[in-house]
Number of protein chains: 2
Amino acid sequence: MDIQNLIDNISTNCSRIQKRTFVKGSIITTYMEKRRQICILTSGKADLIRYNLNGSQDIIDKFSKNDIFGETFYPVNSNNELVVKATDNCEVLIFLYDDISIKCKQNCKYHTELSANLLEIVIQNTMHQNTRIEVLSKRTIRDKLLTYFSILSNKNYNKKITIPFSLTSLADYLSVDRSAMMREIKSLIDEGFIIKESKNVIRLMY
Amino acid sequence: MDIQNLIDNISTNCSRIQKRTFVKGSIITTYMEKRRQICILTSGKADLIRYNLNGSQDIIDKFSKNDIFGETFYPVNSNNELVVKATDNCEVLIFLYDDISIKCKQNCKYHTELSANLLEIVIQNTMHQNTRIEVLSKRTIRDKLLTYFSILSNKNYNKKITIPFSLTSLADYLSVDRSAMMREIKSLIDEGFIIKESKNVIRLMY
DNA sequence: ATAAAATTGTTGCAAATGCAACAGAAAAAA
DNA sequence: TTTTTTCTGTTGCATTTGCAACAATTTTAT
């Protein structure tokens, strides 16, 4: 059973692992020190929001299908509140880190499977993070774009790439101003580095 | 045994887990598809370098004590070469992901311990990555600095923080031009946001 | 102790970026 | 279908940033 299948088929009748649904706009979880909760988003979208003491609130992460989150993976302290809010209707697996290493009462096979595959899931997440860090650490929008495009291209051994989300989301992922990014994409087209074949399909010429 | 102790005391006589030393300038490892090697740096410093097909080489990550790396955590493909180079004399634990889940011939206790704690080590790494991503995703140098400072401050519940490395390294961590960062630090001091108590010690006034 | 290397601090300037604002196109909801 | 919302595309302008270059200081190596 691969990870995708595991996540898709996880049982809801395990006493340790909940499968819950959340409507758009509701709070999925609040990060709490020492609890070590783990959540896996099986459908929908959600934002990780930081409420600072001074009242400001920042979206510091965005989650989509198969993303893993929870205070287990984030430095948490009492100086600010971290909250995950559903930006779409969501389905989420929720369990505690400490519960996953011990057998559940029913000794159910999903619990065992999840336990055996949690490391693999976390490693997959690490890979995504490493990719994002590599892109974010480029200094110019141009380099961020070219790096991101190259990674997509290399992954599929194809110069024709499909951006897996909207350009607005791409700007968020690259953490740059959208209009500045659009300007830069236009320059890349004008200078012959890329060809835009359709809205989300780009051909790399380098 | 906590993770730090585990890493410090790991046995060298386990057939599956090597403890190797590398002199400054030497290649610790080259990332290879499908091998799934895992390395833990127990002392020294190293750079992850990407050699692109066009001949350019980028430092895409920097490792120090207790950092974990290897192709297990990085998307690897044949279009470019990823190499870890010692920038100081290094001591490194090296093993394969697949070897860690099976018992070693000697059934040694370190192998067992490492196996049991690998998830915890990877999660710790995830936390560091999340922190870095939060900082890198700020758009201005000022916000990157203030976010980084706040995280340090919150962690220790103290407005007086000590930057754990040189300002040159801080600029690398934030992925910004060093001189521009110095200029921004000066502005933060002039505007009363921070006070520099000594070279690496800063007091936050916000 | 002395030399070499690394780090800090500073500045001018050109280039890149964010911000604000808006119109049109496309997609989603009613 | 029609309306509403989201997304794309564009531009002017002020601000921020990177780059280059250099001197002074501190740290490390010889």
Side-chain angles (χ1 to χ4, degrees), chain A residues 23-25 43-45 47 56 58-59 62 64 86-89 135-148 162-191 193-202, chain B residues 23-25 43-45 47 56 58-59 62 64 86-89 135-148 162-191 193-202:
Chain A
V23 297
K24 185 174 175 171
S43 76
K45 288 180 186 305
D47 284 349
S56 71
D58 298 331
I59 297 171
K62 285 171 170 287
S64 55
T87 53
D88 263 326
N89 293 338
V135 170
L136 287 178
S137 66
K138 300 294 172 181
R139 299 198 183 173
T140 62
I141 294 180
R142 170 167 296 216
D143 277 349
K144 285 186 171 84
L145 284 170
L146 292 178
T147 302
Y148 179 71
T162 302
I163 298 169
F165 33 59
S166 70
L167 294 179
T168 304
S169 299
L170 177 58
D172 285 339
Y173 181 83
L174 303 181
S175 211
V176 296
D177 180 73
R178 186 190 60 83
S179 69
M181 185 194 78
M182 298 296 278
R183 184 165 40 204
E184 202 56 42
I185 288 176
K186 205 181 159 205
S187 302
L188 287 172
I189 293 169
D190 290 347
E191 293 171 38
F193 286 104
I194 60 173
I195 292 173
K196 221 175 159 189
E197 305 209 329
S198 79
K199 196 187 289 289
N200 287 339
V201 179
I202 288 172
Chain B
V23 297
K24 185 175 176 171
S43 76
K45 289 179 186 303
D47 285 348
S56 72
D58 298 332
I59 296 171
K62 283 170 171 287
S64 55
T87 52
D88 262 327
N89 293 337
V135 170
L136 287 179
S137 66
K138 300 293 171 183
R139 298 197 182 176
T140 62
I141 294 180
R142 170 166 297 216
D143 278 349
K144 286 186 171 84
L145 284 169
L146 292 179
T147 302
Y148 179 71
T162 302
I163 298 168
F165 35 57
S166 71
L167 294 178
T168 303
S169 300
L170 177 59
D172 285 340
Y173 181 83
L174 303 183
S175 212
V176 297
D177 180 73
R178 187 190 59 82
S179 69
M181 185 193 78
M182 299 296 278
R183 184 165 40 202
E184 202 56 41
I185 288 177
K186 204 180 160 205
S187 304
L188 287 172
I189 293 169
D190 290 348
E191 294 172 37
F193 286 102
I194 61 173
I195 292 173
K196 221 174 159 189
E197 305 209 331
S198 78
K199 196 186 291 287
N200 288 338
V201 179
I202 287 173

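In what follows, every chain begins at residue 1, and chains take the letters A, B, ... in the order their sequences are listed.
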Taken to the nearest whole Å, CE/M182(B) to P/dA20(D) is 19 Å
Determine, stepwise, if the pair L170(A) / L145(A) fulfils side-chain contact (heavy atoms from CB on, under 4.5 Å).
CA-CA 9 Å; L170(A) 177 58; L145(A) 284 170; 4.2 Å; yes
Taking dT17(C), dA20(C), dT17(D) as options, the one with an atom nearest any side-chain atom of E184(A) is dT17(C)
Polar side-chain atom of K45(B) near backbone of D88(B) as donor-acceptor pair, under 3.5 Å
no
Rounded to whole Å, the CE-P distance (M181(A) to dC7(D)) equals 12 Å
D88(B) CG to dA5(C) P, in whole Å, measures 16 Å
Winner on side-chain proximity to A180(A), out of dG18(D), dC19(D), dT17(C), is dT17(C)
* Asked: Is the distance from OP1 or OP2 of dG18(D) to the nearest side-chain N or O of T140(A) less than 4.0 Å?
  -> no
_Strictly distance-based, threshold 3.5 Å: is any side-chain N or O of N89(A) a donor or acceptor partner for the main-chain N or O of K24(A)?_
yes
Whole-Å distance, Y173(B) OH to dT7(C) P, equals 19 Å
query = Under 4.0 Å between a side-chain N or O of T168(B) and OP1 or OP2 of dT8(C)?
reply = yes
Do the side chain of R183(B) and the base of dG12(C) come within less than 3.5 angstrom through a donor-acceptor pair of N or O atoms? yes
Between NZ of K186(A) and P of dT17(C) the distance, given in whole Å, is 16 Å
Winner on side-chain proximity to I141(B), out of dT17(D), dT17(C), dT8(D), is dT17(D)
Result for 5'-nearest mapping on DNA chain C, choosing between K24(A) and R178(B), is R178(B)
Check: Aromatic rings Y148(B) and F165(B): how do their planes relate, parallel, tilted or perpendicular, breaks at 30° and 60°?
Finding: parallel
Q: Test side-chain contact (heavy atoms from CB on, under 4.5 Å) on T140(A) and E184(A) and set out the steps.
A: CA-CA 10 Å; T140(A) 62; E184(A) 202 56 42; over 6 Å; no
As a check of understanding: the bend across the helix from dA1(C)-dT30(D) to dA30(C)-dT1(D), end axes from five pairs, rounded to 10 degrees, works out to 70°
Worksheet item: Can you tell me if the side-chain N/O atoms of K144(B) get under 4.0 Å from OP1 or OP2 in dT16(D)?
Response: no
note: F165(A), atom CZ; dT6(D), atom P; distance rounded to Å ~ 19 Å
The nucleotide from dA26(C), dT26(D), dA20(D) with an atom nearest the side chain of K199(B) is dT26(D)
| query | L174(A) and K138(A): side-chain contact (heavy atoms from CB on, under 4.5 Å), yes or no, with the steps? | reply | CA-CA 10 Å; L174(A) 303 181; K138(A) 300 294 172 181; over 6 Å; no
Query - Contact under 4.0 Å: R139(A) side-chain N or O vs dC19(D) OP1/OP2 - result: yes
Decide side-chain contact (heavy atoms from CB on, under 4.5 Å) for L188(A) and L146(A); before the verdict, give the C-alpha distance in whole Å, the side-chain angles of both, and the deciding distance to 0.1 Å. CA-CA 9 Å; L188(A) 287 172; L146(A) 292 178; 4.0 Å; yes
Minimal heavy-atom distance between K144(B) and V135(B), with the atoms involved, is CG-O, 3.3 Å
When rounded to whole Å, the NZ to P distance for the pair K138(A) and dT17(C) reads 14 Å
Taken to the nearest whole Å, CG/L167(A) to P/dA27(C) is 12 Å
